[in-house]
Structure formats: C-alpha cells, structure tokens
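Heads up: the structure comes next, in structure tokens.
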Amino acid sequence: MPNMIDFPKPSLVSVNGVKLEVFEAGRENHGNPIVLCHGWPEHAFSWRYQVPALVAAGYHVIVPNQRGYGNSSRPAEVSAYDIEHLAGDLVALLDHYGYDQATFVGHDWGAMVVWGLTLLHPSRVNKVINLSLPYQERGELPWIEFLEQILGSEYYFVHFNRQPGVADAVLDENAFRFLRNLYRKNEPFKEPEPGMAMINLARVETPLGEPLMSDGELAVFVSAFEKTGFTGSINWYRNLDRNWHLLADADPIIRQPTLMIHGARDAIPPSDKLATFVPNVDVVMLDCGHWIQQEKPEETNRTILGWLERQKAS
C-alpha cells in the first residue's frame with residue numbers, strides 16, 4: 001500500500017500569482033510530460049497508484065495540488081477559483097517546466113478543469129484522459145440555474161452556491177467523519193434521501209460499503225483538510241455559472257485524442273452526446289464506483305498505458 005513516504009516529495013512552485021504544491025516524478029523522462037489533476041475533495045495523493053506506473057512507462061509525471069488544496073495557495077476571493085484561473089495555473093505549470101504542451105489527466109472536478117483547459121488553451125493539450133466526469137455541454141442556462149431547476153435547491157452543487165458557508169462549516173467540523181464516509185467502495189444501492197447529501201454524509205455515524213483506502217492513506221486526506229478547511233475547494237463549485245459565461249466564446253469541440261473512463265457504479269452517468277463534442281474519444285467502463293483510479297488502480301493503469309501506447313502507434 002503506498003503511503004506518503006513512497007509518494008514524491010513536494011515542491012512549492014510559483015505560477016499565475018499563486019504557489020502550487022507539486023509532486024513530481026520521472027524527471028529523467030523530461031520531454032514526455034503528463035499532468036494529473038485531482039478532483040473534490042481530493043489531493044494529489046489520489047494518483048499514488050498511477051505515478052510509478054507512468055514513470056516506468058517513460059513519462060515525466062507532474063501532480064499538482066490545485067489552488068485551494070493541500071499546501072497550495074488558497075485565495076480569499078471566490079472568483080479566484082474560476083476556470084480561467086484554474087486553467088491558467090496548469091498553463092503556467094507547463095511554462096515552469098519548459099513544455100509547450102502535455103497530456104492531461106483529470107478525475108471528477110479535475111476532469112472538469114481539463115475539459116475547460118482544453119477549450120481555452122487547445123494548443124497546450126496534446127491528449128486528454130478524463131475519469132468519471134464526461135464533457136459537460138454548455139446549454140442555454142447557466143449550470144447552477146439549470147441544476148436548480150432539475151435537482152432542486154438542496155442538491156449540493158446548488159446548496160454550495162445558494163447558502164455559502166453553511167456546508168463548509170459542517171464539513172470543517174467533521175472532516176474525518178465526512179472523508180471516511182465519502183471514500184467507500186461496494187456501497188449498496190440506496191434511494192436518495194432528503195436534505196443536502198454532503199452535510200448528511202458528514203453527520204452519519206456508520207458508513208455504507210467498505211473503506212476505499214487504508215487508515216494511513218485516509219489520514220493523508222484528513223490531515224490536509226483539517227489544516228485548510230473545505231472553503232477553497234468548495235469555491236470551485238461557486239464559479240460554475242461564471243465558468244459558463246467565461247466559456248461562451250470558446251469553440252465547444254474537443255479535437256484532441258481523448259480517453260474517457262467511467263465507473264459502472266458511479267452516480268455520474270456517461271454522456272450520450274460525448275462523441276458529438278469529443279469526436280476522437282475512446283470510452284472504457286470499469287467495474288467500480290466514483291473513485292476509479294483508487295478503487296481499481298491496476299485496471300486504470302492498464303487502460304491508460306494501453307491507450308497511450310496505441311496513440312503512439314497510430
């Protein structure tokens with residue numbers, strides 16, 4: 001089981017007006033960069049199983065804690081977490097390492113950032129690998145407005161926006177319990193319950209399913225959020241409507257070769273329009289829940305490395 005001792009040592013890198021805590025491995029493979037972008041409420045450490053496999057396959061692996069997370073900067077202004085800033089951090093990270101472009105891998109919110117980065121800075125992305133979250137079509141309504149209409153005001157995306165600070169306080173107070181209850185696998189199906197799901201989860205005494213990770217691994221996530229609180233990371237959600245406006249003029253088609261990996265038991269469904277917006281996409285379904293690369297590390301690594309090999313050959 002990997003732990004923080006096995007994970008690369010971090011360095012603080014100044015980019016785009018902030019400092020990012022970056023875990024880097026495979027510097028001997030300079031010239032072949034791959035950037036791994038975590039989701040919410042995660043940490044660079046969520047890629048612990050992928051880093052050694054990618055280094056062994058000849059990649060220079062760059063894993064930032066993105067702004068709001070870990071020892072990276074946590075600006076106070078909510079708008080500092082919009083897609084222009086988050087994508088700008090990744091572009092500046094490429095500049096820091098001397099790269100024109102890289103392959104970007106994203107999970108969950110990291111996937112949202114990678115989709116947005118590819119729309120805003122297409123010349124900096126040569127391949128896209130995203131896990132869990134498919135491309136989100138920019139519809140007629142801003143995203144939070146749309147979600148509120150469909151899923152109601154208690155849906156956690158909406159709640160984070162309409163009741164700022166409320167969920168943050170509950171999660172901050174219950175960081176261990178929330179993360180322990182969230183990071184599960186093989187959960188039995190249950191009907192959605194009333195109220196705000198993330199607040200409910202932070203208060204549940206007995207979690208469902210099985211633990212996703214060892215106590216030592218979980219402690220890495222818990223100690224990070226006990227130190228930072230959750231507000232910086234939740235501020236990503238508070239920019240969804242702003243992002244909708246910021247992406248208005250972007251060409252909505254992702255033309256790069258793309259791999260989309262889904263968990264068959266993830267609550268986030270595949271998109272039936274994916275190939276319309278991402279014409280060069282290959283889709284793979286793994287038998288797991290939402291935390292794909294942590295729950296099925298070997299299958300995830302095989303899928304990613306096999307796909308990258310085929311891209312080289314084509």
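For clarity, every value in this text was computed on a predicted model and none was experimentally measured.
When only modelled atom types and interatomic distance are considered, E217 and S214 share a side-chain donor-acceptor pair under 3.5 Å.
At least one side-chain heavy atom of L247 sits less than 4.5 Å from a side-chain heavy atom of L120. When side chains are defined from C-beta on, L305 counts as touching L54, because their heavy atoms get closer than 4.5 Å. Put simply, the side chain of L141 reaches to within 4.5 Å of the side chain of Q149, judged on heavy atoms. Here the side chains of V18 and D89 are in contact, with some heavy-atom distance below 4.5 Å. By the 4.5 Å heavy-atom criterion applied to side chains, L208 and P188 are counted as neighbours.
Taking the six-membered ring for Trp and the full ring otherwise, F178 and F230 have centroids separated by under 6.0 Å. In summary, the aromatic rings of H60 and Y99 are positioned with their centroids under 6.0 Å apart. The aromatic ring centroids of Y69 and W236 lie less than 6.0 Å from each other. Proximity of the aromatic rings of Y97 and H30 is defined here by a centroid distance below 6.0 angstrom, and this criterion is not met.
Atom CG of L246 and atom OG of S79 lie 10.0 Å apart (nearest 0.5 Å). How far SG of C288 is from NE2 of H262: 11.0 Å, rounded to the nearest 0.5 Å.
A salt bridge is absent between E24 and K9; no separation between the charged side-chain nitrogens and carboxylate oxygens falls under 4.0 Å. Remark: E84 does not engage R242 in a salt bridge, criterion side-chain N to carboxylate O under 4.0 Å. Note on E187 versus R265: no salt bridge recorded, every NZ/NE/NH1/NH2 to OD/OE distance being 4.0 Å or above. Classification of D215 and R180 as a salt-bridged pair fails, no side-chain N sitting under 4.0 Å from a carboxylate O. A salt bridge links K273 to E137: at least one charged side-chain nitrogen sits closer than 4.0 Å to a carboxylate oxygen.
Exactly one residue among L94, D95, L93 makes a side chain to side chain contact (heavy atoms under 4.5 Å, CB included) with V91. That residue is D95.
Aromatic ring orientation, F157 versus Y155: parallel (interplanar angle below 30°, classes split at 30° and 60°).
For F160, the ring-ring contact (aromatic ring centres under 6.0 Å, His included) partners at least two apart in sequence or on another chain are W40, Y156, Y237.
The minimum heavy-atom distance linking V113 with I83 is given by the pair CA-CD1, 3.8 Å.
Side-chain atoms of W291 come within 3.5 Å of backbone atoms of L182 as a donor-acceptor pair (strictly under, hydrogens ignored).
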